[in-house]
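Along the sequence shown, residues are numbered consecutively beginning with 1. When a ligand or atom number is given, it counts from 1 through the structure's own listing order. Small disclaimer: the values here were computed from a predicted structure and weren't measured.
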Amino acid sequence: MTINVATGVARILKQEGIKWVSTFPVCHVNNALGQEGVPIVMMRDDRYAVALADAYSRINAGNPIGVCTFQGGVNAAGLQVAYAGMAQAFEDGSPVLCITDGVPIGATENSQFDVTSSIKSVSKWYGYVDKPERLPEFMRRAFTMLRSGSPGPVVLAIPDPTGLYDETADPYIPVKGWKSAPNPEDVTKAIELLLNAKDPLIYAGEGVIYAGASAELKSFAEMANAPVISTLKAKGAFPENHPLFVGVRGDQVDHYLEKSDLILAIGSSLSPGRFSHGIPNAVNKTIIHCTVDELHVNKSYPTAAALIGDARFSLQALEKELSDKTSGNGRALGNVAEEVKTALDSAMAQYREVMASTDKPINPYRVYAGLMEVLDPNKSFVTHESGNTRDQLSTVYETLVPRGFLGWGNVSSLGFSLAATIAAKISFPEKHCIAVTGEAGLGYMLGNLEVALREKLGITVVHVSNGGFSGYGPGFWGDGHDPFTYKVTGNDEIDMSNVIGALGYHTERVTEPSEVGPALKRALTANDSGQPAYIEFICSQYPIYGRWVG
Ligand SMILES: Cc1ncc(C[n+]2csc(CCOP(=O)(O)OP(=O)(O)O)c2C)c(N)n1
Ligand SMILES: [Mg+2]
């Protein structure tokens, strides 16, 4: 049967199990999506169209894949705005499928902006469907890239959506992802090194979540009797109430990174960035690097042993080898868990104090404590924003299941938390889904707040309203690092709960610390009936403790 390319795209997406597509108009495949019955979630700008699909892929570990469409072609206005979303997905390694209009053959010199090189710089793979009958081939390749190897965005450009091809000539068969197991020799070497180490530390990255390997990580860590830290993006990969869990950040994490003589990294690129830890004194440590991507081996640190392969297969192989070498007993028992508890108790003391604070304005840590009080960690989703809320929440918010919390930010593009929370609510309608933001994140979100109303998605935006841009460490203000660019119109001049309430959100403005929990509960009740909520907590300009180890 002869069909056009846009119809082919819609049908193949359905075959691939894609339940909906996010967009900002116009994109020339959108009408075919509508006609073929693929639901469309329309965001209010192109960057958020990408961010929603990106977040959906992250939250579901690429199963299913998030898909978005936006305007491209000679008039690449959509693509130019979407670029921010694609760049973020590329930096954070998110397997999102972006579909855009391609510059038509014959029009390639009609614009100053170079579509091809711009897309190539932010994608794992870019396919330009230069002939209608090649669509099945391009879609097969796209889903192969999305489901195999190191995750990253894939972009398909469709220059001729009306071009016809015979659907039966090359019938489409859905693509599975392919995974590989590490070389057994490398596994033997890694366990040899581990058994010779005095103070090993497991450094868990997001690859554990993409591989669905949380159970294997727990079981291996227990057999290795080794403490575990996780990266920001992997927060929740290891249950944070486990006796071997050290943390994501905080003084106890510093302490373990410093004192360990062996780091076994699994599912992390080990790229020291602004929001990840470097490895101090790396030359004096033994580094075992288990990753799906050889590009990262020997990149920042000399690697003593590497396992190239899927995180789940790697952990299974490591555990088996460790068991074989220790007659099933695992690494000799020491007082590892007790030491972790001591380090944690001492590092957390200062947070426990401020989490119970009755100060006015409200201490932001009091808000985070309130979230932990009212949310069921197994039935909720929390994410942070760029700024204070990321560093503070990732230090104190206890996460028990993968994606009970979404940490993000190799680059941390302000406003992403709204897209993440909408994606979470679409993924788990039964969960309470909360974005915690400051002024800057909220500013980015404003136009897109309407989406949750239109889609009847009961999400909650928690605003730590501190009247300015704090950012990191001591804050931008006062003696902080950006004293000329922190002040915005504050909560004494604008009541954002009125502004957002007028849109139709359940809103409250909370000034009393004792009202933190009750206000959050009322927001969740509104959410349960499909109404989104915005709660503005009038907070102090409070510094961040701890650091990302440099
Ligand atoms: C798109 C983008 N541009 C710039 C930044 C840099 N940046 C990081 S945090 C921040 C200010 C955060 O202030 P606010 O939202 O009020 O949060 P607070 O730290 O005060 O809680 C800025 C400008 C960024 N993360 N993303
Ligand atoms: Mg602020």
Side-chain angles (χ1 to χ4, degrees), residues 45-48 50-51 54-55 80-92 122 232-233 249 273-276 354 361-368 371 382-397 407-421 434-449 461-494 496-497 500 509-510 534-548:
D45 68 64
D46 324 74
R47 176 265 170 133
Y48 272 92
V50 180
D54 164 355
Q80 290 176 8
V81 174
Y83 187 85
M86 285 191 284
Q88 185 190 1
F90 186 58
E91 188 63 45
D92 272 11
V122 290
L232 174 65
K233 290 198 295 154
R249 68 192 291 291
R274 185 66 182 79
F275 309 109
S276 60
V354 283
I362 302 170
N363 187 298
Y365 285 97
R366 179 74 194 84
V367 177
Y368 311 144
L371 286 169
V382 172
T383 192
H384 57 83
E385 254 306 329
S386 176
N388 255 329
T389 61
R390 174 193 38 243
D391 288 6
Q392 293 177 338
L393 271 170
S394 62
T395 309
V396 300
Y397 188 81
W408 46 277
N410 283 349
V411 293
S412 52
S413 314
L414 281 160
F416 184 71
S417 70
L418 178 70
T421 306
I434 285 113
V436 186
T437 185
E439 283 69 31
L442 188 69
Y444 277 77
M445 291 173 197
L446 283 173
N448 281 273
L449 289 175
V461 175
V462 164
H463 179 188
V464 172
S465 178
N466 56 15
F469 297 160
S470 169
Y472 321 112
F476 287 13
W477 42 62
D479 295 334
H481 40 76
D482 278 73
F484 302 104
T485 52
Y486 79 88
K487 203 164 170 18
V488 292
T489 310
N491 50 42
D492 46 344
E493 292 162 277
I494 301 184
M496 285 308 288
S497 66
I500 297 171
R509 161 175 266 233
V510 180
Y534 162 85
I535 310 291
E536 181 178 24
F537 290 104
I538 307 303
C539 288
S540 57
Q541 297 185 340
Y542 204 75
I544 297 166
Y545 294 126
R547 60 175 188 142
W548 297 100

Glu439, N/O/S atom nearest the Mg ion (ligand 2):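 Result for Glu439 and the Mg ion (ligand 2): OE1.
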Mind listing the closest non-hydrogen atom pair of [X] and [Y] along with its distance?
X	Y	answer
Leu232	Ser394	CD1-CB, 3.7 Å
Tyr444	Gly415	CB-CA, 3.8 Å
Ser465	Glu536	OG-OE2, 3.0 Å
Val382	Val436	CG1-CG2, 4.2 Å
Tyr48	Asp45	N-OD1, 2.9 Å
Glu385	Met445	OE2-CE, 3.9 Å

Asn466 near the Mg ion (ligand 2): N/O/S under 2.8 Å: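 It does; at least one qualifying atom falls short of 2.8 Å.
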2.8 Å cut-off met by an N, O or S atom of Gly468 to the Mg ion (ligand 2):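 Yes.
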Within the 4.0 Å heavy-atom shell around [X], which atoms of ligand 1 are there?
X	value
Gly387	9 (S), 19 (O)
Gly468	16 (O), 20 (O)
Ser412	24 (C), 25 (N), 26 (N)
Tyr444	1 (C), 2 (C), 3 (N)
Ser470	13 (O), 18 (P), 19 (O), 20 (O)
Gly441	15 (O)
Asn388	18 (P), 19 (O), 21 (O)

Under 3.5 Å: N/O of Leu414 near N/O of ligand 1: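 It does: an N or O of Leu414 is found under 3.5 Å from an N or O of ligand 1.
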Sub-3.5 Å N/O-N/O distance, Thr389 and ligand 1: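 Such a contact does not occur with ligand 1.
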Test: Arg274 cationic atom under 6.0 Å from Trp548 six-membered ring centre, within 45° of axis: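 That pair does not qualify as a cation-pi contact.
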Heavy-atom side-chain contact between Ser497 and Tyr534 under 4.5 Å: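 In contact.
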Per-residue contact class, Asn466 against ligand 1 - non-hydrogen pairs under 4.0 Å: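 The side chain, only.
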Sub-4.0 Å heavy-atom contact, Tyr486 with ligand 1: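 Heavy atoms of Tyr486 never come under 4.0 Å of ligand 1.
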Plane angle bin for Tyr542 and Tyr365 - parallel if under 30°, tilted between 30 and 60°, otherwise perpendicular: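 Aromatic pair Tyr365/Tyr542 classed perpendicular.
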